[in-house]
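The first residue of the sequence shown is numbered 1, and numbering continues consecutively from there. Read the numbers this way: they start at 1 and go in the same order the structure lists the ligands and their atoms.
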Amino acid sequence: MVAILRTAARWALDVALPPRCAGCGTIVGDVHSFCPDCWKQVEFLGEAGCSTCGLPLQATEQTSCGGCLARPPRIARTRAAVAYDELSRSLAIRLKYGRKVAIARTMARYMAPLVSGEGERLLVPVPLHRTRLWSRGFNQSALVALELSRRLGIAADPLALRRTRRTPPLKGMSPLQRRKTVSGAFRVRDKTKIAGKTIILVDDVLTTGSTAEACARTLKRAGAARVELVSWARVVKPKGLNF
Ligand SMILES: [Zn+2]
Ligand SMILES: [Zn+2]
């Protein structure tokens, strides 16, 4: 009950205060936007790149990259609003540790135009393990999924997927190690809610894609017709570079 009241108080505060730039905090004219200085810094990714994975295309490639043509990924469409940098990182961190509804709304504002998909759609956040959920009290991607749901009028189910294992950070692992680490770490709570639907996975920061790929595998096994992914920020680095 206290938590609900606290959330309500924060919402009220968000509405009452003048809108501030999500990047630096200066007062701006438009809600959930950036000031001109921060705007210049943000690298919007939008619809650029491969139509499937969203990564930059080589000069010889048309709409899909060679990798996606050779081996279509489980995630039929991956989109991120912005490139991962100091500014987008600071937003993601403030959302993660501050439960800032205003930040979730700013992210959703720029992510919403990238959500496509056909058929019956369901927004599903990439889940946290329950121990992490308990220590933090909320899943930052779920907050964004709920804001996207509000904006787009698409149903969201923050509990559709759950993480059954706590996984170590994937940073520095080889692609194979990453796949092994996250393999089998997710479960679908209720298959009847997934079967036949286009599931739009929602994430805050997309790095290697191994976690999202494991989520997609689980969703497909549960009968999802199609899986797409929309993320706030994405680490864009040359292909083949290990990070
Ligand atoms: Zn600013
Ligand atoms: Zn591709």
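The angle that Cys65 SG and Cys53 SG make at the Zn ion (ligand 2), rounded to 10°, works out to 110°.
When the side chain to side chain donor-acceptor pair (under 3.5 Å) test is applied to Glu47, the partners found at least two apart in sequence or on another chain are Arg77, Arg79. Partners of Arg221 according to the side-chain contact (heavy atoms from CB on, under 4.5 Å) rule, which considers only residues two or more places apart in sequence or in another chain, are Arg217.
No more than 12 heavy atoms of other residues, nucleotides or ligands sit less than 6.0 Å from atom NZ of Lys193.
The ring-ring contact (aromatic ring centres under 6.0 Å, His included) pairs that include a residue from residues 173-230 number zero, where partners must be two or more places apart or lie in different chains.
Checked against the 6.0 Å centroid threshold, Trp232 and Tyr84 do not count as a close aromatic pair.
Evaluated for a side-chain contact (heavy atoms from CB on, under 4.5 Å) with Gln140, the options Val205, Asp204, Ile103 yield exactly one hit, Asp204.
Excluding water, every protein N/O/S atom under 2.8 Å from the Zn ion (ligand 1) is given here by residue and atom: Cys21 SG, Cys24 SG, Cys35 SG, Cys38 SG.
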